[in-house]
Amino acid sequence: MELFSRYVEESESERTMTPDPMTEQTLRDDLKYYFMSPCEKYRARRQLPWKLGVQILKIMMITTQLVVFGLNNQLVVSYKEENLMAFKSLFLKGYSGVDEDDYSLALYSKQSVYENLQYVVDQYAQFKQLSVGPVSYAEEDGEVLPMVICKEYYKRGSVEPSDESFDIDAQTETVCLTLDPKSAATWRKDNSSFFELDFYRLVNIEITFHLKGINLQTVRSHELPDCYTFDVMILFDNQCHSGKMKIFLDIAAVSSACKNWKISGTAQKNTHYLLIFDGFVIIICLTSAVLCTRSIVLAVKLLQRFSRFFAENYSRKVCEEDQREFLNGWYVLVIISDVMAIVGSILKMEIQAKNLTSYDVCSIFLGTSTLMVWVGVIRYLGYFQKYNVLILTMRAAFPKVLRFCCCAGMIYLGYTFCGWIVLGPYHEKFEGLSRVAECLFSLVNGDDMFPTFAEFQQKNALVWLFSRVYLYSFISLFIYMVLSLFIALITDSYETIKRHDFPMTDLRKFLNEQKDFLHYEENSESELEGSTFCCCRRIPKDDAVVLIS
């Protein structure tokens with residue numbers, strides 16, 4: 001806001017003090033026209049509301065674009081998730097279909113480890129005969145990419161738990177082997193020594209291999225199928241050396257355009273239609289951005305005229321509250337949403353052309369732009385005082401709420417760190433800082449209270465007692481005090497808005513053709529006093545005059 005004021009003042013200083021040819025009434029008419037709603041502007045000058053028409057068209061087109069992209073993205077996400085589940089069922093022996101905590105499976109005996117290692121190798125060798133989906137081995141230059149098995153272990157070590165003695169070299173080394181599916185039968189015998197594991201030295205065993213698949217389900221939505229490369233990683237994790245070896249299976253799926261394809265029907269034609277539609281979205285967003293930028297430039301020029309008029313006729317400056325009326329934040333929001341929609345549309349076109357695979361990045365841009373576009377609709381409702389209550393209340397309460405949240409946040413952070421360090425070993429919801437913050441936020445909103453109390457283990461009586469004091473004090477403080485005060489701040493702002501308790505600013509007096517402006521000399525005490533009262537908030541006294549910024 002200071003930069004905005006400085007820009008206006010510098011622009012005024014560059015001009016000579018020649019009289020403005022515009023009369024006072026002309027300036028007042030221009031100001032009234034600027035603050036009119038689109039319908040009022042049409043009735044006043046028969047000027048079509050181009051910006052309103054463009055915004056309505058943009059809302060419909062961007063929402064349609066988002067729905068189409070979202071449906072396609074759901075197919076991609078479901079394809080990856082179902083392939084992950086299929087690989088777990090195929091390569092993990094005894095997998096029940098449900099992960100245990102954050103890992104897929106757990107082993108507790110040496111025999112189980114050997115059996116699962118051998119099971120992975122055997123399943124990989126027979127994969128083409130096992131899988132029901134269009135997935136096969138990845139090839140490069142006509143050769144199948146081999147499976148790679150690496151084991152990491154301490155270089156040297158001896159452990160005697162009964163004697164409470166150990167000798168460990170902390171440095172680790174990694175040994176890897178490769179497996180061609182065609183040589184699986186003889187490979188096992190030729191490398192039998194590789195699987196002679198010293199479990200007290202073993203850190204982990206990592207198995208990686210590459211598969212390729214085609215997502216044929218997109219044919220039903222009249223789009224060209226994508227080809228995928230799955231980088232599968234199976235990790236036998238023994239870092240804890242606790243007698244429990246965890247198995248993790250994860251995939252990295254990368255999509256690309258299929259090299260050799262032939263499809264009949266309307267898939268390719270539909271893709272061309274979507275590209276043309278995305279091109280129209282980009283044109284509409286560019287038009288919207290240009291119109292909003294033009295409105296901002298016109299508002300700056302109008303503010304310069306108004307400031308110069310007050311300086312020449314009343315020897316006073318326009319206060320910050322009146323300047324903010326000209327700096328329309330809705331236009332800035334629309335321009336940002338237009339830029340994000342253009343970027344998202346370009347990414348979407350590249351994805352449809354199979355040049356990019358950044359579905360997540362594209363969805364962020366399109367989703368955020370759609371959110372901003374729909375939030376911007378509130379601007380047009382704000383021209384009516386009864387619908388403008390939400391905007392005015394948020395604007396009036398925001399500074400107080402922000403200061404209040406800074407103070408409450410310090411207490412919240414204190415409880416977060418305390419809960420993590422004390423209760424983390426005894427409750428899964430307090431195992432990490434982010435999980436503690438999320439748990440406490442849920443408690444503030446009254447969610448999941450009893451399970452949080454009930455799941456504390458009573459192995460340590462002191463910690464159990466501390467957990468009760470911790471939870472009772474946090475819930476009492478934040479729900480009964482902090483949250484109530486937070487709501488009270490917003491309610492107080494709302495009541496102030498309803499009472500219309502604020503004096504009118506110079507801009508409102510000028511539009512209402514009032515002449516009771518206080519005259520003062522620059523750098524005098526009256527200037528300071530006048531500017532203080534001038535920048536108080538303004539609330540209109542009737543529905544006919546409402547300034548929207």
Side-chain angles (χ1 to χ4, degrees), residues 72-108 112-140 143-152 176-185 187-188 194-195 204-219 225-239 244-258 357-360:
N72 188 33
N73 196 22
Q74 284 181 358
L75 296 178
V76 174
V77 172
S78 64
Y79 178 75
K80 293 179 180 179
E81 291 179 349
E82 291 177 9
N83 271 280
L84 176 60
M85 184 62 64
F87 294 153
K88 287 181 178 181
S89 300
L90 286 173
F91 295 108
L92 300 183
K93 184 178 181 180
Y95 182 67
S96 62
V98 179
D99 289 351
E100 301 179 18
D101 296 332
D102 58 340
Y103 52 91
S104 302
L105 201 63
L107 306 176
Y108 300 93
S112 298
V113 176
Y114 288 125
E115 290 177 355
N116 276 269
L117 283 172
Q118 192 60 53
Y119 185 81
V120 173
V121 174
D122 292 340
Q123 293 293 98
Y124 177 72
Q126 309 172 56
F127 181 76
K128 292 189 70 172
Q129 290 76 34
L130 294 175
S131 177
V132 298
V135 184
S136 184
Y137 302 114
E139 296 183 0
E140 185 174 327
E143 296 292 331
V144 175
L145 294 177
M147 170 189 282
V148 180
I149 305 177
C150 297
K151 63 176 183 179
E152 182 182 2
C176 297
L177 285 178
T178 58
L179 167 64
D180 189 327
K182 299 177 182 179
S183 61
W187 182 87
R188 186 188 313 171
F194 180 81
F195 293 102
N204 62 58
I205 301 174
E206 183 177 299
I207 304 175
T208 57
F209 52 91
H210 308 279
L211 302 172
K212 285 198 172 182
I214 302 176
N215 184 10
L216 294 177
Q217 65 176 333
T218 57
V219 174
D226 290 323
C227 289
Y228 283 83
T229 300
F230 298 102
D231 299 328
V232 184
M233 188 273 294
I234 302 175
L235 180 67
F236 291 73
D237 186 3
N238 194 44
Q239 294 185 34
K244 178 181 180 179
M245 182 179 290
K246 302 175 182 178
I247 301 180
F248 300 85
L249 190 150
D250 198 9
I251 63 172
V254 179
S255 64
S256 59
C258 297
T357 59
S358 307
Y359 278 90
D360 293 336

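If you read the sequence from its start, that first residue is 1, and numbering goes on from there.
- Here the straight-line distance linking atom CG of Leu145 with atom OH of Tyr137 works out to 12.5 Å at 0.5 Å rounding.
- Defined by atom type and a distance below 3.5 Å, a donor-acceptor pair is missing between the side-chain atoms of Gln126 and Asp122.
- Between Val120 and Ile149 the shortest side-chain heavy-atom distance does not fall below 4.5 Å.
- Between Phe236 and the options Leu107, Asn204, Leu105, a side-chain contact (heavy atoms from CB on, under 4.5 Å) holds for only Leu107.
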When you look at Asp231 and Thr208, which way does the side chain to side chain contact (heavy atoms under 4.5 Å, CB included) test go after all the steps?
CA-CA 7 Å; Asp231 299 328; Thr208 57; over 6 Å; no
Tyr95 and Met85: side chain to side chain contact (heavy atoms under 4.5 Å, CB included), yes or no, with the steps?
CA-CA 10 Å; Tyr95 182 67; Met85 184 62 64; 3.8 Å; yes
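- We find the NZ-CD1 distance between Lys88 and Ile251 to be 9.0 Å, quoted to the nearest 0.5 Å.
- When each of Phe87, Phe209, Tyr119 is checked for a ring pair (Phe, Tyr, Trp, His ring centres under 6.0 Å) with Tyr124, only Phe209 meets the rule.
- Note: Ile234 CD1 to Asp237 CG = 14.0 Å, rounded to the nearest 0.5 Å.
- With Ser78 contributing its side chain and Leu75 its backbone, the two residues share a donor-acceptor pair below 3.5 Å.
- From Glu206, atom CD reaches atom NZ of Lys151 across 15.0 Å, with rounding to the nearest 0.5 Å.
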Lys212 vs Phe230, side chain to side chain contact (heavy atoms under 4.5 Å, CB included): CA-CA, chis, key distance, verdict
CA-CA 6 Å; Lys212 285 198 172 182; Phe230 298 102; over 6 Å; no
Side chain to side chain contact (heavy atoms under 4.5 Å, CB included) evaluation trace for Ile207 with Leu117:
CA-CA 9 Å; Ile207 304 175; Leu117 283 172; 4.0 Å; yes
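- Rounding to the nearest 0.5 Å places NE2 of His210 at 12.5 Å from CE of Met233.
- Proximity of the aromatic rings of Phe127 and Phe91 is defined here by a centroid distance below 6.0 angstrom, and this criterion is met.
- Between Tyr79 and the choices Ile214, Leu84, Asn215, Asp226, the side-chain contact (heavy atoms from CB on, under 4.5 Å) rule is met once, by Asn215.
- The shortest non-hydrogen separation linking Pro146 to Asp180 is CB-N, 4.5 Å.
- The CG atom of Leu211 sits 9.0 Å away from the CG atom of Asn83 when rounded to the nearest 0.5 Å.
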